[in-house]
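Everything below concerns the one structure shown next.
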Amino acid sequence: MIVSPARQRYVEVIIDSAVRDLDRPFTYSVPEDAGEDVGIGSMVLVPFSGRLALGYVVGLPSTSEYDGIKSIARVLDEPPLFDFDSQRLCRWIAGHYLCPLSQAFKLVMPPGRGRKVKQFVYLTGSGNTLCAGSALGEAILAALGEAGGEMSLDALKKKFGAGDAAAEVGQLESDGSVERKFGLTRPAASAKSRLVVRATEAGRADGALDKLPARQRDILDELLTRGGIEFQSDLLAHSGASGASLKSLAGKEMVEVAGEEVLRSPWVGSHEDATRHHPNPAQQHAIDSISGAIKSGGHRVFLLDGVTGSGKTEVYIRAIETALSKGRGAIVLVPEISLTPQTVERFESRFPGQVAVLHSRLGPGERFDQWRGVREGRYRVVVGARSALFAPVSNLGIIAIDEEHEPSYKSDTSPRYHARDVAAVRAKMAGAVLVLGSATPSFESIERARAGAYERLELPGRIDNRPMPDVELVDMREVGGAGEVPLLSRPMLGALSRTVSAGDQAILFLNRRGFANYMQCRSCGEIMGCDECEVSLCYHSRGHMMLCHHCGKRWAVPEVCPVCGAGPMKQYGAGTQRVEEEVLKHLPGVRTIRMDADTTTTKDAHWHLLGSFRAGEAQILIGTQMIAKGLDIPGVTLVGVINADTALALPDFRASERTYQLLTQVSGRAGRGLRPGHVVIQTFNPEHPAIRSITEGIEPFVEAEIRSRSNAFYPPFVDLVNITVTSPEMISASRSAERLRKILDTDLDGTGAIVLGPAPAPLSRLRGVYRWHILVKSAALELISDRLIGSIGRFYDYARTSPAGKEVKIAMDVDPVSLL
Ligand code: ADP
Ligand code: ZN
C-alpha cells in the first residue's frame, strides 16, 4: 500500500489582542489530525511569542512562502464563530472605526463564547501526597485539591494575595508539587441540556403497564398520559417516584433517557394585540414602496418620516411579512430604553414563534440561546437594541431602525460603531432593504434623502386623525421686566393651574446637564459662541472665563452683551429641585414627582416613579431628558419646557438639531389620550430656527442648518474623528496632546484634512483623568485613515521614551455623536 504524504495546509490567523502592531494575519500550519474542523471563523489556540494565544482564522492559503511556520496548538471544538460575510462586515468596521480586526470580531461572535488564555496551576501526582514547606503552601495545595486539582493563577492570586500566591506557586513548582500550563477559561454561556424521558415501543405496547411493579407503573402511566415524552425532573416530580425506579424501567427498555438541548427563552408572551390594522393611505404607500424593493431583491434605503403615533411600526411589520414570504430574514433595532415587553409583544404576536430578542438585560445563557436560535434559522425576525444588528440572520431581507436619530445607536466603547451606518453597509452587502424610521430624523439622514441616496416616505398625521398638540412659545425676554426672570412664566403657571384643576396631568421638562453652564444676554437672549467653531462657549467659574471646547480659544466674560450692547450677561443653569420648589410655591398642595439623576439612583426607580405617575398618584412630573422619550401616558394634556435654550447651548455642532429633536419629542408626550394636548415652551430665543421649527414647520430650519453645516465643514459634509488624549497627570495630558497635534500636522499634510485643537474636553477631568481633544475633519475618512493610524503609532513610540508620555492613552472616535 502506498501512503501519500498529507497535503500541508495553512491558516491565516488574527491574534486576539487590542495591540495595533499585532493587527495583521499570522500564518500557521494545520496538523494532520486537526481534520476538517478548521475553517474561516474557527477559534484556534496558537503559540505566539513564547506563550499561547487565542486567534481567529481569516484565511486558508494553500501555500506559504515563509519558512519555519509553527503549527496551531488546537482547534477549539466550536462551530466557526463567524462566516465569510460577517468577516467582510468586520473588515469594514475595523477600517472605518480604526480598531483592530480582532475587536470587530467580538461584535459578530456568539455572545458568551469568548475565551481567554490564562495560566493554570495543576496538582502533580506528588502534589496530592506531599506536604508543602509552609502554611501558605499547604493552603494552596488544599485549595487546588478542593477545586479538582486545577485553578487559574489569577484565581489563586485573588484568594491568597497577588505577590504571595505567585511566589509560593513558584516554590511549589520547583518542589514538584504543582505544574503551570497555559489554558483556556470556560465560556460564560453554554448550550443547556436536560434529561428527557421517552417511552419506547415496548413501553407503549398494550398491557405494558400490567407487568410492572407499582412505582415503575406510576412513572410509565404518567409518561404515557403526557404523550410519551417529558423532562426527567418533571416526570419524577409528577409521578412521585424515585430515580432508581426510573432506572429499572429504563433497564427493561420501556423508556429511554437522553440529554437534549433546551432553549432558554427570556420572556413568556401573552399574544395580546395581534390586530392587523387596515393601513391608511400614507401607510399603504410606504408599505408598497418598501415591499416592492424587497420583492425586486435590490439594496435600497428608505427614510420613514412620521410623527409619533403615525403607525410606523405597522409599516415595519408589513414589510417584514413581505420579506418572510420571500424566505428572507429581518432585523428590527429599537433604542434600549424603548425595548419594553410591549414592543417585543407587538412583533411576537404578529410573527409567533419566529422572534428572537436580544438586549443587555438578558442573562448570558438566554442571550446565547436566542443567538443560536437565529443562527440555526429557528428565529427569522430579530428585535433588539444596538448590537442586535450583528445577529447571524441568514438571507437577510430587511433591517428596520426605529428612532434612527437616537445617539444611543452609537457605541461608546471600542469599536465605536454607529449601528445606523453599519446597518447600511450590512444591508448593502446582503442586498437587503434598510428602513430608517423617526419622528425627528437626523440631519445626516435628511441630507442623504435630499441628495437622493435615501428615499423619503412620509406619514404626516397621527392615526385616527388625533390632533397634534398646539404649541405656545413664551418669550422669556419679555417676562419679569428689569427684575429677576422667574423660572415659571405667567402663561406656564396658568396652563399648569388649569390642567391640575381639570384633573389632568402635566409634565415639566428641564434639560440640564450639570456642567453645561453658559452665558446668555438678559436682554436680547444672545448666547456667547465661538467665532470660529459655531458652537457655544462654556462658562468656567474657575478663572471666570469662557472657553471654546473645540478649538481651545478663551474669552473674558463681557460686562455687557457684545451684540445688543444693552443687556447684562448672566450665567444660566437651574436644577429640577428649584423647579419643584417654584411649582409648590404657586400651586400649594399639588402632588409632584421629580425624576432626575438624583431620584433614580436605584435600579428600578425609573419604572417605579413612572408607574406611580401613570397611576395618577401625582399631577405633575418634573424631570430631565430621561422623561423625553417613549412616555405614553394618556392623562397628560400639558407639557411644559422650562428652558428650550439649554440644549442649544451645548458645546456641540449638533446643539440645534438636538434642540429640535428634544422639543418635538417632549411635545409629542402631550395629548396621547382622548383629550387634546397643549405645549408651553419658555425660551429666550423665540427666533432661533430650531425653536421656530416647532411652531412653524421644519423646512426653513433644515435649510439653514444644512447650509451652516456645509459652510462650517461638519457632517454630513465631512467625516469627523474626535481624538481624546488622556492622562492622570495634568501636564503630560496637555503636552502629549500638543505633541500629537504636531505629528498630525506633518502626517496629514497635503490631504486637505483640517485639524482643530488641542483643547480641554468639556469634561476636562473624568474619574481622575485629564482629557484633551483634537478634532480632525476630512472630506473622506478613507483618504486619511492609514495615516491616522500611523500617527498614533508614532505618538506611542514617542510616549514610550518620554517621561511625559507615561500612562498617556489615546482614543479615536470616528463619526462622534457627542464631543464631550
Ligand atoms: P409609531 O410607531 O409611528 O409611533 P405605531 O405603529 O405604534 O406608531 O401606531 C400607533 C397606534 O396606532 C398603535 O396602537 C397601532 O396599533 C395603531 N395603528 C397603527 N396603524 C393603524 C391603522 N392603520 N389603523 C388603526 N390603528 C392603527
Ligand atoms: Zn472655537
Side-chain angles (χ1 to χ4, degrees), residues 269-291 302-323 330-352 355 381 383-385 398-406 408-409 420 434-442 445-446 456-469 614 627-636 639 661-677 698:
S270 55
H271 299 229
E272 265 167 25
D273 176 28
T275 330
R276 253 178 129 252
H277 301 289
H278 189 73
N280 63 28
Q283 282 175 316
Q284 192 61 55
H285 173 72
I287 294 165
D288 290 345
S289 308
I290 300 168
S291 295
F302 295 94
L303 177 59
L304 182 61
D305 182 356
V307 296
T308 26
S310 60
K312 294 187 292 295
T313 309
E314 188 64 28
V315 173
Y316 308 144
I317 288 175
R318 295 287 183 130
I320 293 169
E321 282 174 358
T322 304
I331 295 175
V332 183
L333 299 187
V334 296
E336 182 86 49
I337 189 159
S338 52
L339 194 54
T340 58
Q342 293 93 299
T343 311
V344 176
E345 181 58 32
R346 269 179 91 178
F347 287 93
E348 170 66 19
S349 65
R350 297 289 284 276
F351 306 107
V355 178
V381 180
V383 179
I398 176 171
I399 304 176
I401 303 188
D402 196 32
E403 310 285 2
E404 66 90 28
H405 64 279
E406 272 288 309
S408 64
Y409 283 121
R420 181 186 58 214
L434 173 62
V435 181
L436 304 173
S438 177
T440 53
S442 63
S445 296
I446 290 177
R456 188 171 186 145
L457 301 168
E458 285 180 75
L459 303 180
R462 282 185 175 172
I463 291 293
D464 293 341
N465 295 322
R466 282 200 193 136
M468 296 303 287
R614 189 183 293 271
I627 63 172
K629 289 160 211 148
L631 258 185
D632 189 354
I633 298 176
V636 173
V639 167
Q661 285 165 345
L662 210 59
L663 292 178
T664 310
Q665 298 280 350
V666 275
S667 302
R669 303 302 119 213
R672 306 201 31 117
L674 296 176
R675 290 183 299 285
I698 184 184

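In each ligand, atom 1 is the first atom listed, and ligand 1 is the first ligand listed. Just the heavy atoms: all of them, side chains too, but no hydrogens, waters or symmetry mates, feed the values below.
- Near Ser310, meaning under 4.0 Å from any of its heavy atoms, are these atoms of ligand 1: 3 (O), 8 (O).
- Residues Leu304 and Tyr316 have side chains in contact (heavy-atom distance under 4.5 Å, counting atoms from C-beta outward).
- None of Ile290, Asp288, Asp305 except one satisfies the side chain to side chain contact (heavy atoms under 4.5 Å, CB included) rule with Leu457; the exception is Ile290.
- Heavy-atom contacts of Pro279 reach the following atoms of ligand 1: 23 (N) (cutoff under 4.0 Å).
- For the residue pair Glu404/Ser445, the side-chain donor-acceptor check at 3.5 Å is satisfied.
- When the heavy atoms of His277, Gln284, Arg276 are ranked by distance to atom 21 (C) of ligand 1, first place goes to His277.
- Each of the following atoms of ligand 1 lies closer than 4.0 Å to a heavy atom of Asn280: 23 (N).
- A salt bridge links Glu314 with Arg350: at least one charged nitrogen is closer than 4.0 Å to a carboxylate oxygen.
- Around atom 1 (P) of ligand 1, the closest heavy atom drawn from Gln283, Arg346, Lys312, Arg318 belongs to Lys312.
- Remark: Lys312 does not engage Asp402 in a salt bridge, criterion side-chain N to carboxylate O under 4.0 Å.
- In this structure, Gly306 has no heavy atom closer than 4.0 Å to ligand 1.
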